[in-house]
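The structure appears below as structure tokens.
Residue numbering restarts at 1 for every chain, and letters A, B, ... go by the order of the sequence lines. Hydrogens, waters and symmetry mates are skipped; everything else that's a heavy atom, side chains included, is used.
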Amino acid sequence: MSDYEFQKIESKWQKYWSDNNSIKSDINSVDNNFYNLCMYPYPSGDLHMGHIRNYTIGDVITRYKIMNGFNVLSPMGWDSFGLPAENAAIKTGIHPKTFTEERINNMKDQIIRLGSLYEWDREVAAHSKDYYKWTQFIFIKLFKNKLAYKKDAPVNWCDSCKTVLANEQVIEGNCDRCDAVVDQKNLNQWFLKISEYSDELLDGLNQIGEWPENVKAMQKNWIGKSEGAEFSLKIDETDISFDVFTTRPDTLFGMTFAVVSPEHHIMNEILSLSPNSHDLQKYIDDAKKKSEFERMSLTKEKTGVDTGLFVINPVNGKRVSLWIADYVLINYGTGAIMAVPGHDQRDYDFAKKYNIEIIQVITDKKSESSIEREAYVGGGVLINSGEFDNLESHTEGSKKIIQLLKEKQIGNSKTTFRLRDWLISRQRYWGCPIPLINCDKCGMVPEREENLPVLLPEIDDYKNTNESPLAKSEEFINTNCPECGIEAKRETDTMDTFVDSSWYFLRFVDPSNEEMPFDANKVNNWLPVDQYIGGVEHAILHLLYSRFFVKALRDMNYLNFDEPFQNLFSQGMINFGGSKMSKSKGNTVDPESYFATHGADALRLYILFMAPPSDGVEWNDGGIEGTKRFLNKFWENVEKLSKLEELDSSKNDENIVRKVNQSINSVSKHLDKFEFNTAVSDLMKLNNELSEFLKNSKGVSKKSKDMIMKNICILLFPMAPHIASEVFEEYFKENLIDVTWPEVDTDNLKDPTYELVVQINGKKTYTRDTDIGLEQVEIEKICKEEFNMNLSEFKKIIYIKDKIINFVG
RNA sequence: GCCCGGGUGGCGGAAUUGGUAGACGCGACGGACUUAAAAUCCGUUAUUCGAAAGGAUGUGGGGGUUCGAGUCCCCCCCCGGGCACCA
């Protein structure tokens, strides 16, 4: 063998795997299927370290599962609609399609050079018409099932860019591109009714397989279920009433005022009745002017205006004042509250500021509850609550008061969710067109399925003014109603790219189906995804939307399972210079250069070795030198081993053979548990053992030589597949990927000797190399003879076999 | 404020789940090779006292359980992430 020429070896094997379809799932097989999926990337053009970590982990799993006899499905594709391509088009005039596909080609090349195995026959791209045809198809199905609807909604609008922005593109109230202040604007927008599934999305989190706790917690927070009561408050001396929601019906006797949000729909009635209407109007106007960000940041000090009107507490008939205040949000609950300053800190702050009465209605002797300085938000027994006094607040108290509201027919128990419907309209060019047509006679009509896809029109100017660039194409907009045939106009908005990614994992199972988005049998056979791997930044949006899509598709009979991703793994971020790598900060480390200087195998090993894969970690350039050194030593070792003289006796090989066997055991365990950092360290240890062995041995039996050579290659293969394949082929003339993962010889795991620790009163006093398997009497004898210990002075002796003996006295 | 993580050498991190703390790697230091450097190889590397043998201390802090605690229990401090006027 020659020097370790990693570039030559790596390109050789990449070509081999590709030419031989080394990963090819049998899609109709029902046994031993394993769907291993890495989140498909936005084609930014270059892989960054996050991708490298993601796809290295994914590839380790793919190769490990293949060797363990699984029929592995490991596809890859592109989340290829989205803003950057459109911005580039505005700037340079290059068509977003050209721009995007160039970048896809470049990234695909880099993924291949990383040595990751993907079944490229199954490649999908969100922007291709073969794909977005089916995105539109699914949208129409959702529409027909009343899960897609259009309504006026406030959106983030950047007037300098003339576009809506996603929430995540609004940074502290400003546009992340031009820094201009973002306005709230009401536009007629399309929504998907994810809220229909709030409860199931929450419950599903308890039934799902292995998901990181923090991701589950984040989704739970986001869904934000709260249980309580809803009831109506009547404005005194009028017939007008409005609903309020509370999680604390037990505190109803403590209500000393009520608040409605400035945007509340009964504001017109309030204005016409209020003696204070001038002040109210001014407050409402001011609130409207404030951006959402301003309203949030100015929230320390609560403000509001007394309407001069009163509402009646339905349980005790008490008249309390009605206020408007912007600390009550229009889009949560009913946009109005009963205010109980004694037991809610926000109400307390407000009451203190405006000198409103505060009544304590719950007391708890144990915690010496008091409302002198702040609201008491804990539980206890009811007081000042008439017939309900002495009831336990959170149990009987709540229950009985809700019961009373029910009897009076003004309220009931109620569950509220924080999760709101998903706004998917985007006034942008580079996205999937919404396949709906506005007919004056028939209303909103979906395009006929046989006419799909509704193609993105060719346009000259991608800049959007106040509406989507698609509106500029007369040819596109003007059409005929699919129902009645009269002239009608198409929707010009495109969909949020998260719609595309909400079902791509289904398409991978059946990517060239021309009749349907996917075949139900195939999807039911392969899904849920056995292992999904991706960045934690998608913890809420993508993962929640996909879960919603699967449930909706299930209810429309397109598939028969409840959750898309059985097991989820989130890799941590790789930082550089103490913070997240980003082009604008100029602190990026470009992975591509390492392919040439260190090789893909060394890069993969370092990425795996640097930290536990779920932890964030700082990039350290020295680290990759270490894994490169390891590979060089490995290369030298196997060469020496292959040349080592072959002996008849295998007596001298026992130790190294056992070390290999121990490594099979521990590498397997670590890979099973995603502990790649320790799996790499196991390989390094084994390599060091092999160096020692080679240094001290004159020869080795043929059997041992083969055993060592074979297994050391196999163990390395998932993590550093190129070098492992090369060595294996050189020595065995076979392809490593076809080889089965080895069984552990459980009878040969223990070393014959160990270092016995002798403790006196729990303190390490002596150590001694000792044969395993000795009984306590034999160990005691050794202590007596070798360490001159007088055992009779100890009261108690604790012996843990093959580990430790502790003399206590 | 609430909900998740997490605090171990100069650094990234190990520790069979209660049994020798610091595996493996990086860095640093010393040595070999070299005219020299790089690469490579050999050695040292938790802190502290000591010339050494050896001793003491040590897993964020304090208490506890135990023959024995990085690991289990209670209290506190700090860091990272997410959510946040959500009624």
Fill in the blank from the handout: Across all chains, not counting sequence neighbours, the side-chain contact (heavy atoms from CB on, under 4.5 Å) partners of Glu625(A) are His598(A), Arg629(A)
Exercise for the section: For C83(B), give its Watson-Crick or G-U wobble partner with both distances under 3.5 Å, or none. Expected result: G1(B)
Handout entry: Pairwise P distance, G54(B) and C76(B) [rounded to whole Å]
Key = 45 Å
Exercise for the section: Give Lys763(A) one of three labels, base, sugar-phosphate or nothing, depending on what nucleic acid heavy atoms sit under 4.0 Å from its own. Expected result: sugar-phosphate
Practice task
Using the P atom on both, measure G25(B) against C41(B) and round to a whole Å.
Solution key: 11 Å
Practice task
Decide if atom NZ of Lys220(A) counts as having more than 12 heavy atoms of other residues, nucleotides or ligands within a radius under 6.0 Å.
Solution key: no
Exercise for the section: Taking atom C1' in both U48(B) and A14(B), compute the distance separating them and give it to the nearest angstrom. Expected result: 25 Å
Problem - From A87(B), C4(B), C67(B), nucleotide with atom closest to Lys796(A) side chain - result: C67(B)
Problem - Which nucleotide in A87(B), G13(B), C4(B) has an atom nearest any side-chain atom of Ala217(A) - result: C4(B)
Handout entry: Gap in Å between the two C1' atoms, one belonging to C29(B) and one to A46(B), rounded
Key = 16 Å
Problem - Span that lies between the P atom of A23(B) and that of C77(B), in whole angstrom - result: 34 Å
Completion exercise
With sequence neighbours left out, the residues meeting side-chain contact (heavy atoms from CB on, under 4.5 Å) with Ser385(A) are Phe253(A), Val361(A), Leu382(A), Phe388(A), Asp389(A)
Handout entry: Length of the line joining Glu692(A):CD and G43(B):P, which is rounded to integer Å
Key = 8 Å
Exercise for the section: Describe the nucleic acid contact of Pro212(A) in one word from base, sugar-phosphate, nothing, applying a heavy-atom distance below 4.0 Å. Expected result: nothing
Completion exercise
Winner on side-chain proximity to Ala611(A), out of A84(B), G12(B), A87(B), is G12(B)
Exercise for the section: Check side-chain hydrogen bond (donor to acceptor under 3.5 Å, both in side chains) between Lys352(A) and all other residues, then give those that pass, not counting sequence neighbours. Expected result: none
Completion exercise
Given the 90°-from-0 boundary between syn and anti, U35(B) should be labelled anti
Exercise for the section: Check the chi torsion on G27(B) and let me know: syn if it falls within 90° of 0, anti if not. Expected result: anti
Problem - U57(B) versus G70(B) - spacing of their C1' atoms, nearest Å - result: 16 Å
Practice task
Give none if A28(B) has no partner; otherwise give the nucleotide forming a Watson-Crick or G-U wobble pair with it, both distances under 3.5 Å.
Solution key: U44(B)
Completion exercise
Taking a pair to mean Watson-Crick or G-U wobble geometry with both distances below 3.5 Å, G19(B) pairs with C67(B)
Completion exercise
Once base and sugar-phosphate atoms are separated, protein heavy atoms under 4.0 Å mark nucleotides 17-32 of chain B, 5' to 3', with B, S and - as --BB--BBSSS-----
Handout entry: Asn655(A) and Arg658(A): side chain donor to acceptor below 3.5 Å
Key = yes
Handout entry: Proximity of Trp323(A) and Phe350(A) rings by center, below 6.0 Å
Key = yes
Practice task
Sequence neighbours left out, what passes side-chain contact (heavy atoms from CB on, under 4.5 Å) with Gln7(A)? Give chain and number order.
Solution key: Ala596(A)
Problem - Residue matched to G58(B) through Watson-Crick or wobble contacts both under 3.5 angstrom - result: none
Problem - Gap in Å between the two C1' atoms, one belonging to G10(B) and one to G5(B), rounded - result: 26 Å
Fill in the blank from the handout: Checking G13(B), G82(B), A87(B) against the side chain of Asn221(A) (C-beta onward), the nearest is G82(B)
Practice task
Please figure out whether Tyr332(A) or Pro612(A) has its closest RNA chain B nucleotide nearer the 5' end.
Solution key: Pro612(A)
Problem - Complementary nucleotide for A14(B) - Watson-Crick or wobble, under 3.5 Å - result: none
Exercise for the section: Please name all residues satisfying side-chain hydrogen bond (donor to acceptor under 3.5 Å, both in side chains) with Arg547(A), sequence neighbours left out, ordered by chain then number. Expected result: Gln219(A), Glu563(A)
Practice task
Please state the C1' separation for the pair G12(B) and G6(B) - nearest whole angstrom.
Solution key: 15 Å
